[in-house]
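Working notes, beginning with the structure itself.
These figures come from a predicted structure and were not determined experimentally. Note that these values count all heavy atoms, side chains included, but never hydrogens, waters or copies made by symmetry. Note that ligands are numbered from 1 as they come in the structure, with each ligand's atoms numbered from 1 the same way.
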Amino acid sequence: METAPKAVTEFSNPNIDVMYSADQISGRIKELGRQLTAEYAGKDLVLVGILKGSVIFLGDLMREIDLPLKIDFMAVSSYKDETVSTGDVEILKDLTNPIRDKHVLIVEDIIDTGLTLTRLVEILGSRGAASIKIATFLDKPEPRINKELKVDYTGFTIPNEFVVGYGLDAAGRYRNLPFIGVVKDPSVA
Ligand code: 5GP
């Protein structure tokens, strides 16, 4: 019996080099979850996910934090479909609930120049939270413009490469890849 040729799927895309596999990611997120569980015990914790890139990280991370936490989301304009950061942050969707007296953990996909997060910390910092910290899945320190930005929890520190997958996109695509990878040839659709 003839078998159909194996399809090249989004998950086995030959145009993507894997940087961190799904297994490596889940191992690291378990570690972060244990750390956060210990550090936020007894505190009124709200995870604030920054749409859309953080959704996978937030979904996995929250299930590794063994505490009665809540979640909320913000959407801000940063890269849109381009690959340069302007530093202007426009709030496209604000939080649903107040954060006064809450311990806020901002959950971000990746920090690059740090300009988006700098502005977000300023915006949320004026709302009376008990504390505001940052958890980022990836940290790319090389292009950082705001060197003072304090990143409290990091999944992986990576070189200055444009990565996709695990929530991160290139012009809207690749967010569903279960790993983090680098697009080899960006001209290939
Ligand atoms: P920053 O203000 O730190 O320069 O921008 C952070 C945002 O830029 C991230 O939330 C993400 O949307 C986007 N970004 C930065 N680096 C990358 C990257 O390597 N890959 C992807 N897909 N997005 C990135």
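- The shortest separation from a heavy atom of Arg144 to ligand 1 is not under 4.0 Å, leaving the residue out of contact.
- Between the side chain of Gln24 and the main chain of Ser21, a donor-acceptor pair closer than 3.5 Å is present.
- Classified by interplanar angle (parallel below 30°, tilted 30° to 60°, perpendicular above 60°), the ring pair Tyr40/His103 is perpendicular.
- At a heavy-atom distance under 4.0 Å, only side-chain atoms of Glu108, from C-beta outward, approach ligand 1.
- Between Leu117 and ligand 1 there is no heavy-atom distance shorter than 4.0 Å.
- Short contacts between ligand 1 and Asp169, defined as distances under 4.0 Å to a heavy atom of the residue, involve ligand atoms 21 (C), 22 (N).
- Here the side chain of Thr154 pairs no donor or acceptor atom with the backbone of Thr157 at under 3.5 angstrom.
- Between Val163 and ligand 1, at least one pair of N/O atoms sits closer than 3.5 Å.
- Residue-level proximity to ligand 1 for Asp109 is carried by the side chain, the only part with a heavy atom below 4.0 angstrom.
- In this structure, a donor-acceptor pair under 3.5 Å is absent between the side chains of Asp66 and Thr37.
- A salt bridge is defined here as a Lys NZ or Arg NE, NH1 or NH2 lying under 4.0 Å from an Asp or Glu carboxylate O, and Arg144 with Asp139 meets this definition.
- For the residue pair Ser187 / Asp185, a side-chain donor-acceptor distance below 3.5 Å is found, with atom types taken as modelled.
- Close approach of ligand 1 to Glu161 is summarised as follows: ligand atoms under 4.0 Å from at least one heavy atom of the residue are 19 (O).
- Residue-ligand proximity, Ile110 to ligand 1, at heavy-atom distances under 4.0 Å covers atoms 6 (C), 9 (C), 10 (O), 11 (C), 14 (N), 15 (C), 16 (N), 17 (C), 18 (C), 19 (O), 24 (C).
- Applying the 4.0 Å criterion to heavy atoms of Lys140 picks out, from ligand 1, the atoms 16 (N), 17 (C), 18 (C), 19 (O).
- Heavy-atom separations between Gly114 and ligand 1 include at least one value shorter than 4.0 Å.
- In terms of modelled atom types and a separation under 3.5 Å, the side chain of Arg28 and the main chain of Gly155 share a donor-acceptor contact.
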